Amino acid sequence: MARKTMIAGNWKMNCLQKDGVDLAKNIALKVKNNKYNCEFLVCPPYTLLYSVKKALRGTKIALGAQDSHQSDKGAHTGDISPQMLKDIGCEYTILGHSERRTDHHENNALVAKKAQAAYANGLKTIICVGETAKQREDGETLAICAKQVRGSLPKESNATNTVIAYEPVWAIGTGKTPTAKDVEDVHAAIRQVVAKKFGAKTANNMRILYGGSVKPSNAKEFLSLPDVDGALIGGASLKADDFLAIAKSVC
Ligand code: PEP
């Protein structure tokens with residue numbers, strides 16, 4: 001199975017109803033008018049999932065959430081379950097994003113539990129890993145990413161239900177990026193960790209996205225690397241033109 005390039009937008013805590021629907025419609029229009037050979041995914045905040053789903057009707061653009069709980073329902077004020085996301089039409093849920101690991105103290109074990117609950121409800125996951133600036137300075141990048149991959153992907157993960165996103169924490173929203181060689185080295189190392197845990201076939205088929213200040217001007221450099229299978233895009237996914245220009249650089 002060839003790894004199909006994924007172009008995924010993480011809208012984070014942005015967009016009111018009108019902005020979100022306009023953005024989704026704009027992306028849908030541009031995707032429809034061009035022949036892109038890649039899988040598109042948009043992950044708006046929860047408040048926009050229903051209206052963005054409607055705006056994307058008739059397109060192949062997938063809908064995802066930015067997090068989901070490890071339980072199906074119950075006394076968890078403020079949380080959203082994978083069952084609810086499936087019900088509203090989501091196909092994916094992002095798990096273990098560094099902003100959740102930092103803001104909500106999420107660890108690998110919790111991410112793995114969330115992933116199990118997501119799979120049990122028919123959702124696919126984008127599981128994020130990546131080192132902090134300090135860990136990078138200390139030469140721990142590969143060890144940290146390996147630990148996060150081993151700990152955050154449960155035994156049920158496979159190449160169909162799981163996508164990994166390598167996102168160096170220091171590159172998210174900062175305009176800073178690693179070199180292309182650094183990105184390829186980390187992706188290749190992550191693939192080896194996946195091979196050790198899940199076997200060579202799964203590792204060969206599992207997509208690994210790069211995320212961290214991807215924009216139209218640097219997308220090609222990263223997206224043409226052999227072990228990079230797409231991008232998870234924050235800031236640049238909020239402008240349809242930029243989001244599509246990133247896709248155009250490879251798809
Ligand atoms: C992200 O939050 O997943 C991300 C990669 O953000 P940005 O593209 O803005 O760095």
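For this chain, numbers begin at 1 and follow the sequence in order. The model shown is predicted, which means the values in this text are computed figures rather than measured ones. In each ligand, atom 1 is the first atom listed, and ligand 1 is the first ligand listed.
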**OP:** State whether the side chain of N121 and the backbone N or O of L123 hold a donor-acceptor pair below 3.5 Å, judged by distance alone.
**Re:** no
Subject >> K4/E39 salt bridge by N-O under 4.0 Å criterion >> reply: no
Original post:
Any side-chain donor paired with an acceptor under 3.5 Å for N108 and R101?
Top reply: yes
**OP:** Classify the ring geometry between H187 and Y166 as parallel (under 30°), tilted (30 to 60°) or perpendicular (over 60°).
**Re:** perpendicular
**OP:** Collect the protein residues that have a non-hydrogen atom under 4.0 Å from ligand 1 and hand them over in chain and number order.
**Re:** N10, K12, H97, E167, A171, I172, G173, G211, G212, S213, L232, I233, G234, G235
Original post:
Does the side chain of Y119 come under 3.5 Å of the side chain of T162 through a donor N or O and an acceptor N or O?
Top reply: yes
Subject >> Salt bridge flag under 4.0 Å for residues K86 and D72 >> reply: no
